[in-house]
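Scroll down for the structure; my scribbles are underneath it.
Just so it is clear, the model here is predicted, and its values are computed rather than measured. Proteins come first, then strands; the chains are lettered A, B, ... in the order of their sequence lines, and each starts at number 1.
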There are 2 protein chains.
Amino acid sequence: MIQVGVNGYGTIGKRVADAVAAQPDMELAGVAKTRPNYEAETAVRKGYPLYAAIPDRADQFHEAGIDLTGEVEDMVMKADVVVDTTPSGIGAQNRELYEQYDTPATFQGGEDPDVADTSFVARANYDGATDEDVDYVRVVSCNTTGLSRLLAPLRESYGVEKARVTLVRRGGDPGQTSRGPINDILPDPVTVPSHHGPDVNTIFPDVDIDTLGVKVPATLMHLHSVNVTLDAEPSATDVRKLLSDESRLFLVPEEAGIDGTGKLKEFAQDTGRPRGDLWENCIWEESISTEGRDLYLFQSIHQESDVIPENIDAIRALLDRDDKQTSMATTDETLGVGLESLFHGARRRVVPREADD
Amino acid sequence: MIQVGVNGYGTIGKRVADAVAAQPDMELAGVAKTRPNYEAETAVRKGYPLYAAIPDRADQFHEAGIDLTGEVEDMVMKADVVVDTTPSGIGAQNRELYEQYDTPATFQGGEDPDVADTSFVARANYDGATDEDVDYVRVVSCNTTGLSRLLAPLRESYGVEKARVTLVRRGGDPGQTSRGPINDILPDPVTVPSHHGPDVNTIFPDVDIDTLGVKVPATLMHLHSVNVTLDAEPSATDVRKLLSDESRLFLVPEEAGIDGTGKLKEFAQDTGRPRGDLWENCIWEESISTEGRDLYLFQSIHQESDVIPENIDAIRALLDRDDKQTSMATTDETLGVGLESLFHGARRRVVPREADD
């Protein structure tokens with residue numbers, strides 16, 4: 001069993017911990033947290049060994065009546081691998097600690113690419129992390145993950161001449177109460193390209209991609225307006241077929257009556273998904289259109305959860321325990337990734353029908 | 001003096017009425033309104049002759065203590081031209097009335113193109129409306145106006161191979177209290193292309209343009225994420241220079257500290273613009289970028305007001321009173337179009353500086 005430590009128990013960390021606990025080949029060595037808030041309480045309730053991420057603050061946990069198993073250093077020592085889910089920039093500071101104990105680690109997309117030996121999206125470049133020299137892997141951001149998953153099959157089947165994407169980004173997560181905007185539409189960044197295009201190049205160095213970022217008053221998911229000029233000229237039906245074969249791409253069927261990110265999340269909750277998570281790119285099937293070699297589509301990305309399966313696969317790749325297909329299949333099966341098959345199989349039951357309200 | 005009747009006194013109609021009243025060569029024959037609401041009160045206060053748009057409802061105005069000059073038919077008879085600013089679809093129904101009195105008319109972009117003899121954006125195709133056979137003109141929608149104004153100089157100077165635009169649209173106007181979405185990002189329409197591309201082709205039939213529509217919880221302005229593949233390969237500086245020479249394109253300078261539609265509107269209000277209107281396309285100067293022959297930029301469009309100057313010019317074109325340059329210059333001068341020069345001239349005074357708060 002792979003002993004996995006999770007450093008940081010916030011939006012991503014708590015989800016990674018649950019996912020690790022669900023794997024047949026992994027055991028959760030523990031989670032490290034900075035503050036004894038409601039998330040710390042949850043970790044304890046779930047029976048996760050809890051470590052103080054900042055040793056000086058151990059007292060705060062004691063005062064809050066929360067028992068600690070130790071300090072983060074103990075967890076790093078004990079773990080075979082650490083998933084670092086601390087806030088952007090902190091991961092880079094933590095690397096020294098991981099090196100000290102020869103503990104390999106995965107970092108998140110908020111870190112600079114040079115925090116790790118390679119950037120990672122399972123579908124796109126799993127094998128790049130299995131190399132013996134690779135001890136640190138950076139799982140790219142939610143948006144870059146979503147773009148890479150989409151580009152991978154398009155590249156393989158048709159070739160990509162150029163991709164142009166406008167990312168209409170949620171202003172903040174539901175819990176980020178200090179974020180904005182309210183009633184505004186911001187070019188963000190106002191300069192072109194946004195960082196997303198160059199970040200995709202950490203996964204596919206040779207893809208020509210320009211990205212533009214916009215920020216809007218919504219918290220549920222991002223929406224990508226995607227144009228890809230392909231080398232070939234497939235029909236929209238061809239592309240729909242190609243994408244529907246991908247386990248981490250969910251083609252939202254027209255009959256679902258899902259018109260936006262609100263209903264997507266509602267649907268995920270109705271299916272019993274933990275926290276209403278959507279690990280898959282949600283691609284509106286109707287939107288998939290071709291105009292000559294130009295492909296267009298809309299996809300929504302759940303910023304809180306689409307990188308979770310990638311973190312799990314990154315652990316196996318890093319320790320070279322499984323090949324890409326085996327790891328992805330195990331991750332998908334244990335988590336329940338693959339909303340499309342679930343959806344189609346149970347369509348009559350799960351699709352809210354307005355007439356029945 | 002051209003006698004102008006305005007049929008419909010809502011968001012667009014009230015602005016057109018004010019703009020007509022400001023023209024040296026026009027006189028407001030009157031405005032027609034369906035209901036005696038706060039807007040009707042304002043019309044009376046301004047001394048605009050008020051007509052009942054629906055004869056049966058004249059009593060409602062009397063009960064509300066609002067004096068009517070007559071019924072809409074009287075206004076149509078009296079006017080040399082009618083600007084129809086009734087809700088989408090009603091304009092088409094009204095055409096019969098205008099034909100009955102041989103009164104030429106301009107319609108709005110919510111109508112189907114075949115409501116009129118030609119569609120109209122002053123900068124793009126003014127002369128198409130001056131023809132003797134043209135009695136009815138359709139001023140295209142705010143978004144199509146914004147796109148056409150931008151494409152006109154690009155076509156002339158560089159040639160346009162293909163345009164791809166994602167329109168991040170406000171959910172409703174500030175006064176449209178029943179509109180949504182709340183906290184959502186909707187592909188709208190979910191199919192590609194949205195109607196905007198084909199609508200641009202009513203102005204530029206030969207332009208290859210694909211558009212995607214998104215709807216978000218904001219009310220102030222639309223935001224366009226624009227890509228134009230040009231025939232030539234100008235520098236970003238070239239394009240900035242080209243666009244800054246256009247009176248109805250406002251290049252938002254970096255030093256302004258304007259990061260979104262909220263500050264744009266605030267700035268417009270600070271300058272004393274009526275209703276905080278922004279008649280110009282607001283193009284973020286920093287966003288204007290080139291990558292080979294690919295041009296990218298963000299522009300915001302004020303849905304309530306950018307078509308106002310176009311309606312004024314359409315009147316002159318329809319009656320063949322002035323040539324394009326003369327009409328546009330008169331309209332711009334009387335309204336005060338040309339925010340860029342105003343801005344640069346008074347930059348220190350008008351730019352809100354956070355440090356001073």
Does B/K162 pair with A/E291 as a salt bridge, N-O distance under 4.0 Å? yes
With a 3.5 Å distance limit and no angle check, can you tell me whether A/D259 reaches the backbone of B/L186 through a side-chain donor-acceptor pair? no
B/T229 portion near chain A, given a 4.5 angstrom heavy-atom threshold: side chain
Could you tell me whether B/Q269 atom CD has more than 12 heavy atoms of other residues or ligands within 6.0 Å of it? yes
I need the B/L223 CG to A/D188 CG distance, nearest 0.5 Å. 11.0 Å
4.5 Å side-chain heavy-atom contact, B/S287 and A/P187: no
Taking the side chain as every heavy atom from C-beta outward, state whether B/V190 and A/E285 have any pair of such atoms under 4.5 Å apart. no
If you tally heavy-atom pairs under 4.5 Å against chain A, which of B/G262, B/A236, B/P217 wins? B/P217
Check the pair A/K263 / B/D184 against salt bridge (charged side-chain N to carboxylate O under 4.0 Å, His left out), numbers first and verdict last. CA-CA 9 Å; A/K263 288 207 184 72; B/D184 211 333; over 6 Å; no
Test side-chain contact (heavy atoms from CB on, under 4.5 Å), reference A/Y296, set B/T211, B/T191, B/L212, output is B/L212
Determine whether A/I185 and B/V216 make a side-chain contact, defined as any pair of heavy atoms from C-beta on separated by less than 4.5 Å. yes
Segment of B/N227 engaging chain A (4.5 angstrom heavy-atom cut-off): side chain
Given the options B/S289, B/G171, B/P193, B/S300, which has more heavy-atom pairs under 4.5 Å with chain A than any of the others? B/S289
What distance separates A/D210 CG from B/D294 CG, expressed to the nearest 0.5 Å? 6.0 Å
Between B/L220 and A/N183, does a side chain to side chain contact (heavy atoms under 4.5 Å, CB included) hold up when you go through it step by step? CA-CA 7 Å; B/L220 302 176; A/N183 194 25; 3.9 Å; yes
